[in-house]
Amino acid sequence: MKYQLRHTTHYDYSSPVTLSHNEARLLPRDLDYQHCKNTRLSISPTPLRQHERLDFFGNRIVYFAIQDIHDSLEVTIRSQVTTQPRPTPAGDEVHTAWEAVVEQLAQGRGGIATAIDLDSQEARLFTLNSPFIHRSDSLRQFALDCFTPQRSLCDSVLALNQRINQEFSYDSEYSTLATPLDDVLKDRKGVCQDFAHLAIGALRSIGLAARYVSGYLETFPPPGQEKLVGADASHAWLSVFIPNWGWLDIDPTNGSLPGERYLTLAWGRDYGDVTPLRGVMNGGGAHELTVEVDVLPLER
């Protein structure tokens, strides 16, 4: 699949901003199954300083500073993204019991799949608590309903993916970043960010490694209607580490395995590591935020 991606973030401030320092995580990653070209980042007002670097997780970050007085900020990323079918586990790793994987991670053993994957030593980072995801007994018990004794890791992960999809309702008005995972678990509702955090928390609570993934998903308009410009949205899912193979992506919001319609942007321990745009500024007062996303297919 070939897509034209456009993501625009626009801030209107109630009072002038005299200085701002910002970081944007909006440039999609190049992966074995995803290739980007003609990627352009446009910033208005024009920054005085701007440079790109990679963070600890290999995500592309653009730092920029604006020193002109301004009452609005607009950041737009455009990129042609080509996706391909993703590999799925096959062979011995399909049958490996999840308890054996927990033991390997605890002892720091395992392997790597490709150059883009973290090895098992580094994967242990994704078994630990992070700012938005804390292991708990309730999350552990939720996971163990799917991770029964000696069940394979792959089967267990797919069962958890389906369970969240079937038992939880999507409710865009329910949660904020401050909503505890125990509340999401109790109320059985949330958004894609909540479901990714919930699945990661459940997996980490039994000793497995899971990371948060941000990106985009091509959406389709209702039958008989045209697709609205800017009506797409960012999406979130997660990856589970499989020793000697790599990271398997799952999407509990849709109960599916991400494929060619998914565009990967960044990954980290949780949402805090992949925030699309953040910064500090002098002035500004209150602000109004508008986000527009388009994932337009160019070829199928």
Side-chain angles (χ1 to χ4, degrees), residues 29 31-34 57-59 83-106 109-128 130 133 139 142-144 146-148 150-165 192-193 195-217 235-270 273-274:
R29 298 182 70 127
L31 306 167
D32 285 352
Y33 50 81
Q34 175 176 291
F57 305 104
N59 303 314
T83 61
Q84 299 173 345
R86 304 186 184 197
T88 54
D92 292 341
E93 60 268 10
V94 173
H95 308 291
T96 303
W98 67 269
E99 297 99 328
V101 176
V102 170
E103 181 181 356
Q104 287 183 353
L105 286 167
R109 292 187 285 110
I112 59 174
T114 69
I116 66 169
D117 286 319
L118 301 175
D119 63 24
S120 61
Q121 286 281 358
E122 293 177 316
R124 295 177 67 188
L125 169 66
F126 297 99
T127 68
L128 306 176
S130 58
I133 303 174
L139 290 172
F142 178 74
L144 289 177
C146 298
F147 288 76
T148 52
Q150 295 305 306
R151 189 176 190 179
S152 75
L153 173 62
C154 290
D155 283 349
S156 302
V157 166
L158 295 179
L160 179 66
N161 196 40
Q162 287 297 319
R163 184 183 183 192
I164 295 175
N165 171 255
C192 59
Q193 175 182 286
F195 302 150
H197 279 169
L198 178 72
I200 293 170
L203 292 163
R204 291 179 184 172
S205 293
I206 59 174
L208 293 168
R211 67 189 183 191
Y212 185 97
V213 185
S214 69
Y216 309 94
L217 171 61
H235 192 47
W237 59 97
L238 67 140
S239 300
V240 185
F241 183 72
I242 301 176
N244 303 310
W245 187 80
W247 292 91
L248 175 66
D249 283 10
I250 62 172
D251 178 8
T253 301
N254 295 292
S256 61
L257 298 181
E260 292 179 84
R261 290 174 51 218
Y262 288 73
L263 282 63
T264 300
L265 180 61
W267 59 60
R269 297 166 300 167
D270 56 35
D273 288 332
V274 301

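None of these values were measured; they are calculated from a predicted model.
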How close do [X] and [Y] get, heavy atom to heavy atom, and via which atoms?
X	Y	answer
Ala266	Arg29	CA-CD, 4.2 Å
Ala209	Trp247	O-CZ3, 3.9 Å
Tyr33	Pro85	CB-O, 4.2 Å
Ala97	Gln150	CB-OE1, 3.7 Å
Ile133	Gly201	CG2-CA, 3.5 Å
Ala100	Thr96	CB-CG2, 4.1 Å

Sub-4.5 Å side-chain heavy-atom contact between [X] and [Y]:
X	Y	value
Arg211	Leu238	no
Leu158	Leu257	yes
Leu198	Leu139	yes
Thr264	Leu31	yes
Phe241	Leu105	yes
Trp237	Asp249	yes
Ser130	Arg204	yes
Gln34	Leu263	yes

Return the [atom1] to [atom2] distance between [X] and [Y], rounded to the nearest 0.5 Å.
X	Y	atom1	atom2	answer
Phe142	Ile164	CZ	CD1	4.5 Å
Ser156	Glu99	OG	CD	8.0 Å
Asn59	Ser214	CG	OG	7.0 Å
Thr127	Leu208	OG1	CG	9.0 Å
Ile242	Leu153	CD1	CG	5.5 Å
Leu217	Ser256	CG	OG	7.5 Å

Next item on the list: Could you pull out all residues at least two apart from Arg163 that satisfy salt bridge (charged side-chain N to carboxylate O under 4.0 Å, His left out)?
Entry: Asp145, Glu167
Notebook entry, point to check: Given the side-chain rings of Trp267 and Phe126, with only the six-membered ring counted for Trp, is the space between their centroids under 6.0 Å?
Noted result: no
Item checked: Check: Ala236 main-chain N/O paired with Gln193 side-chain donor or acceptor under 3.5 Å -> no
Next item on the list: Might you work through the side chain to side chain contact (heavy atoms under 4.5 Å, CB included) test for Ile206 and Leu144, ending with a clear yes or no?
Entry: CA-CA 8 Å; Ile206 59 174; Leu144 289 177; 3.9 Å; yes
[X]: what forms a side chain to side chain donor-acceptor pair (under 3.5 Å) with it, not counting sequence neighbours?
X	answer
Ser152	Asp155
Asp273	Arg269
His235	Asp251

Notebook entry, point to check: Can you list the residues that meet the ring-ring contact (aromatic ring centres under 6.0 Å, His included) rule with Trp98, with sequence neighbours excluded?
Noted result: Phe147
Next item on the list: Applying side-chain contact (heavy atoms from CB on, under 4.5 Å), name anything that partners Asn161, two or more places apart in sequence or on another chain.
Entry: Ile250, Pro252
Next item on the list: Compute whether any side-chain donor of one residue and acceptor of the other, for Arg261 and Thr83, lie under 3.5 angstrom apart.
Entry: no
Note to self: side chain to side chain contact (heavy atoms under 4.5 Å, CB included) for Phe195 and Ile200? Distances and angles first, verdict last.
What the structure shows: CA-CA 8 Å; Phe195 302 150; Ile200 293 170; over 6 Å; no
